[in-house]
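These notes are about the structure you will find just below.
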There are 2 protein chains.
Amino acid sequence: MAKQAERRAATSEAILTAAQRLFGTHGFAATTMDDIAESASVAKGAVYHHFKTKEAVFAAVFDQVSRDLVAEIDRTARAEKDVLAALIAGTQHYFAATAKGPIGQIILRDGPAVLGWERWREIDAQHFGGKIPRALSAAMEAGLIARQPVEPLARLLLGAVTEAAVACAGRADIARAGAEYARAFKSLVEALRLPT
Amino acid sequence: MAKQAERRAATSEAILTAAQRLFGTHGFAATTMDDIAESASVAKGAVYHHFKTKEAVFAAVFDQVSRDLVAEIDRTARAEKDVLAALIAGTQHYFAATAKGPIGQIILRDGPAVLGWERWREIDAQHFGGKIPRALSAAMEAGLIARQPVEPLARLLLGAVTEAAVACAGRADIARAGAEYARAFKSLVEALRLPT
DNA sequence: AGTAAAACCGACTGATGGTCGGTAATTACC
DNA sequence: GGTAATTACCGACCATCAGTCGGTTTTACT
């Protein structure tokens with residue numbers, strides 16, 4: 001019954017899998033549509049039948065990778081108790097994950113380059129950044145930090161985290177760097193904490 | 001005497017000027033080398049005689065724009081007295097300038113896309129970010145904030161500022177948004193200030 | 001003037017994103 | 001079950017554009 005749908009799904013997934021591997025290892029610019037088609041054992045026309053442009057393929061890959069990563073982070077953060085502590089733990093996980101080659105390549109390097117900063121920021125914020133405003137609101141509600149407009153502050157912190165992730169990704173001693181930035185981030189967030 | 005040098009400089013500048021205008025208005029991808037050559041009233045070969053690649057042209061433009069902007073910011077910041085206050089004022093100027101179309105296009109959109117995040121971050125940090133570590137060191141020296149590793153904290157703040165600038169650039173009511181983010185940034189920095 | 005070197009020219013090439021007319025598989029309808 | 005319509009897929013072809021290269025003009029030096 002759903003034969004056609006299955007067929008479509010299978011091809012689509014083959015393309016996406018191939019694309020993710022290629023984008024992750026060689027980067028967006030160095031990956032051609034012919035490469036993707038060949039790697040997915042499909043003709044170029046098929047790729048264009050499923051995705052309008054090369055950017056569209058990338059966007060789909062980006063979305064998938066982000067989705068996977070955010071799920072991972074959620075699992076980590078859920079283990080913490082304090083809202084601020086969860087924020088910090090999640091951040092550290094984000095560092096560690098994006099520091100690993102392929103994911104960092106897709107999310108931090110090519111992401112903004114291909115999608116455009118605005119769109120990238122928007123999507124990234126939608127996936128990861130949504131957690132920060134929520135955490136801040138909760139923290140204010142709980143009286144942990146001073147009441148103030150949430151959005152601007154959240155944006156600043158997201159920028160800080162992202163920048164740190166990139167800096168991390170570019171360093172040899174990732175573990176150490178991650179710890180360093182996590183500590184700095186913690187001190188920044190803790191500075192906001194009101195004296196009880 | 002320096003006729004040859006003058007000739008070279010004039011052509012080079014014509015190319016750079018044309019490129020800056022085109023990159024600023026249409027963006028990097030939508031600007032072709034032929035466009036640049038034509039706009040500079042020069043043959044394509046001449047452009048390649050002066051710059052090895054299209055990226056090289058962009059890098060030169062980027063450098064120039066950054067240099068100009070940083071000089072402007074310096075002038076603004078110098079007017080302030082407190083180190084932290086100067087940091088905040090400079091930040092606000094950065095917001096305002098990058099929010100204006102062409103400069104934002106070059107520095108915030110295409111910059112990372114073309115040069116690659118790592119290189120962009122490095123250059124951007126070199127131009128703008130260098131000020132933050134210096135300001136933080138000074139602030140620690142003066143006992144305004146707690147002593148701690150400077151580099152990680154500076155990186156976080158730079159990321160926060162950049163993110164805010166981008167967010168600003170994407171909004172219609174730039175003045176209002178700039179003020180909002182500046183206030184949030186101020187509260188973040190002020191949170192670090194030690195009680196006297 | 002004569003020669004060397006540097007600046008400049010613009011037709012050409014190679015690579016690649018995207019198109020399009022056609023074929024094969026699947027589904028809908030009688 | 002046959003046939004028409006729809007959907008998936010194919011791969012040769014096209015347009016664009018970064019970058020090349022042999023040739024020409026302008027400048028510098030003797």
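Below, chains carry the letters A, B, ... as their sequence lines are ordered, and counting in each starts from 1. No hydrogens, no waters, no symmetry mates; every other heavy atom, side chains included, goes into these values.
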B/Glu6 CD to C/dA7 C1', in whole Å, measures 14 Å
Between B/Asp35 (side chain only) and B/Thr32 (backbone N and O only), is there a donor and an acceptor less than 3.5 Å apart? yes
A/Asp35 CG to C/dG18 C1': how many Å, rounded? 16 Å
A/Ser12 near the nucleic acid: base, sugar-phosphate alone, or nothing, with a heavy-atom cut-off under 4.0 Å? nothing
Take the protein atom CZ of B/Phe51 and the nucleotide atom P of C/dA7, then report the distance between them rounded to whole Å. 13 Å
In terms of the nearest nucleotide of DNA chain D, which residue is placed more toward the 5' end: B/Gly45 or B/Tyr48? B/Tyr48
Go through C/dC8, D/dG19, D/dC9 for me and flag the one nearest to the B/His50 side chain. C/dC8
Is there a side-chain contact between A/His49 and the phosphate of D/dA8, meaning an N or O under 4.0 Å from OP1 or OP2? yes
Specify the separation, in whole Å, of atom CE of B/Met33 and atom C1' of C/dC12. 17 Å
Phosphate OP1/OP2 of C/dA15 contacted by A/Thr32 side-chain N/O (<4.0 Å): no
Categorize B/Ser41 for me: base, sugar-phosphate, or nothing, with a 4.0 angstrom heavy-atom threshold over every strand shown. nothing
Would you call A/Glu190-A/Arg193 a salt bridge at under 4.0 Å N-O? yes
Please report, rounded to the nearest Å, how far the C1' atom of D/dA8 is from the CD1 atom of A/Ile15. 11 Å
Please report, rounded to the nearest Å, how far the C1' atom of D/dA15 is from the CG atom of B/Asp34. 14 Å
Between A/Thr11 and D/dC9, is there a contact of a side-chain N or O with OP1 or OP2 at under 4.0 Å? yes
Rounded off to whole Å, could you give me the NE2-to-P distance for the B/His26 and D/dC17 pair? 13 Å
C/dA7 phosphate, OP1 or OP2: any side-chain N/O from B/Arg7 under 4.0 angstrom? no
Residue pairs, two or more places apart or on separate chains, that pass ring pair (Phe, Tyr, Trp, His ring centres under 6.0 Å) and touch residues 14-40 of chain B: B/Phe23-B/Phe28, B/Phe23-B/Phe58, B/Phe28-B/Phe58
Quick one: A/Ile36 CD1 to C/dT16 C1', roughly how many Å, whole number? 12 Å
Mapping B/Ala46 and A/Lys44 onto DNA chain C by nearest heavy atom, which one lands closer to the 5' end? B/Ala46
By the salt bridge (Lys or Arg N to Asp or Glu O under 4.0 Å) test, which pairs, at least two apart or in different chains, include something from residues 49-58 of chain A? none
Salt bridge (Lys or Arg N to Asp or Glu O under 4.0 Å) between A/Arg67 and A/Glu72: does it pass, once the steps are laid out? CA-CA 9 Å; A/Arg67 222 178 278 284; A/Glu72 253 183 59; over 6 Å; no
Starting the side chain at C-beta, find the nucleotide from D/dT20, C/dG17, C/dA7 nearest to B/Arg8. C/dA7
